[in-house]
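See below for the structure under consideration.
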Amino acid sequence: MSASYKDNQEDWMTVCFKYLLFVFNFLFWVGGVAVLGVGVWTLIEKSDYLSLLASSTFAVSAYILILAGVLVMVTGFLGCCAVIREQRSCLATYFSCLLLIFLIELVAGVLAYVYYQRLSEELKLNLNQTMTENYAQPGKDSITLAVDRLQQDFKCCGSNNSYDWLHSVYVTSQEKEGRLVPDSCCKTITPLCGRRDHPSNIYKVEGGCITKLEQFLTDHLLIIGAVGIGVACLQLAGAVLTGCFIYLLYKEEEDFSAV
């Protein structure tokens, strides 16, 4: 009677863990979609700005998230198959995939955190130089477009203020045609509107574009970190559930062999 009760209890626990794993895999798959979406959004939404950064850490973090998102979605599907088949070998492979994805997201999280710590310093050291030395120069079309979009999107002018442009290669060149700032600094863009740098004509934002870009990147890094942590917690929960399910299947197989 005791042995029969124990068997029924183990069967009940196996069924519970099986359904829990199904629910987890659905949430895991949704988490994968979220991770993939955040990674793609980070690269596409403001991809022009990446050319203004001195390092590729921000882009690498986004690429890692995209890789992790794809792996999560595929692994979630494989996890459902493994649970249905109730094969310990398949579940062990699934368990290993969870740990691998966890490590990948951990790397992305560490990169995002490290970059978050030195983001302000990097922008202060490099953004002004990038804008003043490369704007409207041969072979620097991507930077020119990025600067124009940055100034228009964030309604700013110059890295720190509009006077930064007075020392730029662009304004000191013949191509300026009398401009004091690029036309993208203007509140209403018209040909040669950059000839007049009065506050009524151009954006005068305290802190300049550095402050605006730093806030934008910081918000993105926080989103990357939050999504990564959320999915990582799901993975740890899934790893524990999978481990328990494998143990119960192992016990059932042992009990069956002993009969």
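Model, not experiment: these values are computed from the prediction.
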Handout entry: Value rounded to 0.5 Å, distance of NZ in K212 from CD in E214
Key = 12.5 Å

Handout entry: Gap between atom CG of N161 and atom NZ of K204 - 0.5 Å precision
Key = 7.0 Å

Problem - Test item: Y135 and P182 side chains (from C-beta on) under 4.5 Å apart, heavy atoms - result: yes

Problem - Polar side-chain atom of Q151 near backbone of G158 as donor-acceptor pair, under 3.5 Å - result: yes

Handout entry: Spacing of CG belonging to L52 relative to CD1 belonging to I210, to within rounding of 0.5 Å
Key = 11.0 Å

Practice task
Would you check if T211 and Q215 make a side-chain contact, meaning some heavy-atom pair closer than 4.5 Å?
Solution key: no

Exercise for the section: For residues Q137 and T144, report the shortest heavy-atom separation together with the two atoms involved. Expected result: N-OG1, 4.3 Å

Fill in the blank from the handout: In this structure, CG of N160 is separated from CG of L123 (nearest 0.5 Å) by 10.5 Å

Exercise for the section: Any chance you could measure L180, atom CG, to H198, atom NE2, to the nearest 0.5 Å? Expected result: 12.5 Å

Exercise for the section: Report whether Y63 and M73 are members of the same hydrophobic cluster (ILVMFWY, side-chain heavy atoms less than 4.5 Å apart, transitive linking). Expected result: yes

Exercise for the section: Over all heavy atoms of both residues, which pair between K187 and I202 is shortest? Give the atoms and the distance, please. Expected result: CE-O, 3.4 Å

Problem - Residue pair D183 / I189: nearest heavy atoms and the distance that separates them - result: O-CG1, 3.6 Å

Fill in the blank from the handout: Across all chains, not counting sequence neighbours, the salt bridge (Lys or Arg N to Asp or Glu O under 4.0 Å) partners of D148 are none

Exercise for the section: Supply the atom-to-atom distance W41 CH2 to I66 CD1, rounded to the nearest 0.5 angstrom. Expected result: 13.0 Å

Practice task
Would you mind reporting whether M131 and D164 have side-chain heavy atoms less than 4.5 Å apart?
Solution key: no

Handout entry: Sulfur-sulfur distance C156/C209 under 2.5 Å
Key = yes

Practice task
Hey, can you tell me if W165 and Y170 have their rings parallel, tilted or perpendicular (30° and 60° cut-offs)?
Solution key: perpendicular

Completion exercise
In terms of heavy-atom contacts, C193 and N201 come closest through O-ND2, 2.9 Å

Problem - Side-chain donor or acceptor of R195 paired with backbone N/O of E177 under 3.5 Å - result: yes

Fill in the blank from the handout: Residues N134 and Q129: closest non-hydrogen pair is ND2-O, 4.2 Å

Exercise for the section: Identify whether L166 and V169 are in the same connected component of the hydrophobic contact network (ILVMFWY, side-chain heavy atoms under 4.5 Å). Expected result: no

Practice task
Check whether any side-chain heavy atom of L192 sits under 4.5 Å from a side-chain heavy atom of R179, and report yes or no.
Solution key: yes

Handout entry: Remaining members of hydrophobic cluster (4.5 Å side-chain criterion), Y203
Key = V205

Handout entry: V181 and V171, any side-chain heavy atoms less than 4.5 Å apart
Key = no

Exercise for the section: Flag yes if F154 and L145 sit in one hydrophobic cluster, no otherwise; membership is Ile, Leu, Val, Met, Phe, Trp, Tyr, and two members link when side-chain heavy atoms are under 4.5 Å apart. Expected result: no

